[in-house]
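The next block holds one structure in the form of structure tokens; read it before the comments.
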Amino acid sequence: MKTEILAPCGSKESLTAAVRCGANAVYLGTKNFNARRNADNFGFDELEEAVSYCHSRNVKVYVTLNTLVSDSEMKSAYDAACSCMKAGVDAFIIQDLGVAKMIKEHFPTARLHASTQCAVNTPDGFRALEELGFSRAVLPREMTLDEIKEIRSSTSMELEIFVHGALCMCVSGQCYLSATLGGRSGNRGLCAQPCRLSFSADNSGSYDLSLKDLSLISHIKEIESAGVISLKIEGRMKRPEYVAAAVTACKKAIDGEYGINDEKMLKDVFSRSGFTDGYFTGVRKDMFGTRQKEDVLAAGDVLKSLSKLYEKEVQSVPVDMEFICKKGKNTVLYVTYEANKVRVEAPAAETAINKPMTAESVKQRLSKLGGTQYYLNSFKADIDGGLILPASVINEMRRTAVEKLSGEIRSDFEAFPFSEITHEKKSCKPYYTARFLSASQIPDSHPFKRIFIPLWSDDGDFVKFNAGAELPRGLFGCEEKLKKRLTQLKELGVKNILAGNLGAYKTAENMGFNVFADFALNIYNSLTAEKFNSPILSFELTLNQANYINASDTGIVAYGKLPLMLTRNCPVKNRIGCKRCNKKGTLTDRKGYKFPVRCSDYPCVEIFNPLPLILSDRIAEIKTDFIHFYFTDEDKDEVKNIIHMYKLNKKSQSDFTRGLYYKGVK
């Protein structure tokens, strides 16, 4: 398959820039349910125009329905998908597994692409996506080339990779910072980018969560060799000139013509202190940066020249023509592009008085396709001798044929009526489960039906406390290491696993464990919840939404310092080094709050909220089957006091948060 350049389109202007500069596909959002809700985006009438424009130029259109969707919104998501299918879109980019299930069941011919927000980072995870009906997956930005090759060898799905654009500090789909601090969820398309503000590991006011923009354009040949077929450009919030520059640079790289001047053009139009090749090479150096005054000023010098790249229509689509002119019969012109064929008729030709028309003279007129996306590929003519047709008639036949061909949209699809989700609030008294960061926190007696400790805990602690294992969310390149450790735990008699990653869930399930779904699977609706065993629901739900999730044995996190970010590059290590940190690092924000940062034996680092979520005095309002305690830095005595507080339904006397359970997210 030819390598695809996939361009971002947050507006009509960006769509034009992408197509005219040579993108093979574009991705765009409707007004709702997309991860860039603040972009201009496309209404459904505009979407139909966009699809027609793109398809007539041999460009595919992928629609982003890549946010978490609540039960009450699922019918609207169905309606949006139905309108997209009518418009003839080529695929949907999806994060929410419940939305994927809904689309597959109601629109069997729809193609699904798994968003990078799915946070899948192991071979088993990609195999699981394939089993769920996805035909393509977007790789995490945090992967090295060797890890990409490992994924390529494990699945037959198409693979897509971000090659240029903004680079988030957090693993996509695992960031709750914006939602927790300001109620604007990245998983719902309204990230406020608080990570671009000051979060300092040394109290200097530094910006230790702000990364430079990613650019892998100079690595495109390696990416192609690794079997990745789609090169994705980030930037639906960016201006058309940015899109034009990035698409042009990718084209040059594919052709082996990308150079220093092209990179400078990209930096000038938008960068944050330059670019990084991110995690691709495995050497994570010089990745941090912010948008500086000189970055902004540089853009002014290149915008005009970049706009010229997409001023005019590019003749990129080959058409075949057949012209039939018989004495006494209507004249017919057939114009064909791939499976699309149009027919145009004109009155019968007259007898020529002087010079009759020839195949060559007709071809000359019909090939005047300047100003359109078409160029003449092949031409056939069957013309009786001695006939003439006015030039104006031939020109009009050409114009009509082009208009008809450009208007062809193939949108035949099968659709089934929406299946309503039934709801019934549960009335049970919730039981308790817990995870502990360390076995030393576990009291001698406790009320928890299930307890979990980290995978790397001492063997003896699993036996002593009859504990299950909590699996890491970030397992880049570590699936074999995970399987080896799980084999050891199975021999110890460990039966229960808590997994917050689709790949880890699949691995443990395949190995015969009782697997329970953790909060990081972002279970936001009943369709997703019913796919997993005893799911801990997303803490971005309101309490009322959680109470009405229609699935068996659901729970919520009711206590804990919530993890706000999962990162592969440690912000503390970058600023002060591991020695000074001693695994007790913090990030101080501009208001003086200190966010704990903790590393592990696996590739990722977690950043926690400084204030604990506490619902001890609101237990009567919780109607899920169980509540989950998320213990981090509490000692054993603190754990005992917290359990006691929940048993008595007492309100905490220390600072705490209710999380998002009462205010929700936008």
Is any NZ, NE, NH1 or NH2 atom of the basic residue among R136 and E158 found under 4.0 Å from an Asp or Glu carboxylate oxygen of the other?
-> yes

Any F162 side-chain heavy atom under 4.5 Å of V138 side chain = yes

Please determine if K363 forms a cation-pi arrangement with F323, meaning its NZ or CZ atom is less than 6.0 Å from the six-membered ring centre and no more than 45° off the ring axis.
-> no

K308 with E311: basic N within carboxylate O range, under 4.0 Å = no

Would you say R272's side chain and K212's backbone share a donor-acceptor pair under 3.5 angstrom?
-> no

Are S230 and E4 close enough that a side-chain donor and a side-chain acceptor fall under 3.5 Å?
-> yes

Could you tell me whether D384 and K327 have a side-chain N and a carboxylate O separated by less than 4.0 Å?
-> no

Gap between atom CG of L211 and atom OG1 of T276 - 0.5 Å precision = 7.5 Å

Would a 4.5 Å heavy-atom cut-off, applied to side chains only, mark I223 and L231 as touching?
-> yes

Taking T64 for the side chain and L28 for the main chain, is one N or O donor matched with an acceptor at less than 3.5 Å?
-> yes

Sub-3.5 Å donor-acceptor pair from the side chain of S378 to the main-chain atoms of D320, do we have one?
-> no

Candidate pair K326 and D382, rule salt bridge (charged side-chain N to carboxylate O under 4.0 Å, His left out), full reasoning = CA-CA 8 Å; K326 296 292 184 179; D382 184 2; 2.9 Å; yes

Indicate yes or no: does R399 engage E403 in a salt bridge with an N to O separation below 4.0 Å.
-> no

Is any side-chain N of the basic residue among K251 and D255 closer than 4.0 Å to the acidic one's carboxylate O?
-> no

Do you know which of V69, N187, L65 makes side-chain contact (heavy atoms from CB on, under 4.5 Å) with Q95?
-> N187

Could you check whether the rings of F280 and H219 sit parallel, tilted or perpendicular, using 30° and 60° as the cut-offs?
-> tilted

Minimum heavy-atom distance L167-G278, with the two atoms named | CD2-CA, 4.3 Å

Just checking, is any N or O donor in the side chain of T155 or E130 under 3.5 Å from an acceptor N or O on the other one?
-> yes

State, without any angle test, whether N58 and Y337 hold a side-chain donor-acceptor pair at a distance under 3.5 Å.
-> yes

Can you tell if the side chain of S14 reaches within under 4.5 Å of the side chain of Y242, non-hydrogen atoms only?
-> no

Take atom CG of L297 as the centre, draw a 6.0 Å sphere, and report whether it contains more than 12 heavy atoms from other residues, nucleotides or ligands.
-> yes

V402 backbone acceptor or donor facing S406 side chain under 3.5 Å | yes

Between the main-chain N or O of G282 and the side-chain N or O of T144, is there a donor-acceptor pair closer than 3.5 Å?
-> no

Taking atom types as modelled, find out whether T3 and E224 have a side-chain donor-acceptor pair closer than 3.5 angstrom.
-> yes

Please examine the side chains of K2 and N24, heavy atoms only from C-beta on, and report whether any two atoms are closer than 4.5 Å.
-> yes

Please report the shortest heavy-atom distance between I217 and A246, naming the atom on each side.
-> CD1-O, 4.4 Å

Taking the side chain as every heavy atom from C-beta outward, state whether E160 and L6 have any atom pair closer than 4.5 Å.
-> yes

Distance-only donor-acceptor check, side chains T528 and D96, under 3.5 Å = yes

Return yes if a side-chain donor-acceptor contact under 3.5 Å exists between Q174 and S172, otherwise no.
-> no

Residues E48 and K86 bridged, charged N to O under 4.0 Å = no

May I ask you to test the R398-K368 pair for a side-chain heavy-atom distance under 4.5 Å?
-> yes

Any side-chain donor-acceptor pair under 3.5 Å between Y375 and S316?
-> no

Before accepting this row, confirm whether a basic side-chain N of the pair D295/K267 lies closer than 4.0 Å to the acidic partner's carboxylate O.
-> no

Exactly one of R111, H113, H55 clears side chain to side chain donor-acceptor pair (under 3.5 Å) with D90, and that residue is H55

Residues S210, R196; criterion side-chain hydrogen bond (donor to acceptor under 3.5 Å, both in side chains); working and verdict | CA-CA 5 Å; S210 182; R196 299 297 181 186; 3.1 Å; yes

Is there a donor-acceptor pair closer than 3.5 Å between any side-chain N or O of D277 and the backbone N or O of L214?
-> no

Are N121 and E142 linked by a side-chain donor-acceptor pair shorter than 3.5 Å?
-> no

Salt-bridge criterion met for R343 and E345 (N-O under 4.0 Å) = yes

NZ/K75 to OG/S419 distance, rounded to the nearest 0.5 angstrom?
-> 11.0 Å

Is there side-chain contact between Y334 and K341, with heavy atoms separated by less than 4.5 Å?
-> yes

With a 4.5 Å limit on heavy-atom distance, are the side chains of V314 and Q373 in contact?
-> no

Basic-acidic side-chain contact under 4.0 Å: E73, R188 | yes

Can you list the residues that meet the ring-ring contact (aromatic ring centres under 6.0 Å, His included) rule with Y78, with sequence neighbours excluded?
-> H106, F107, F418

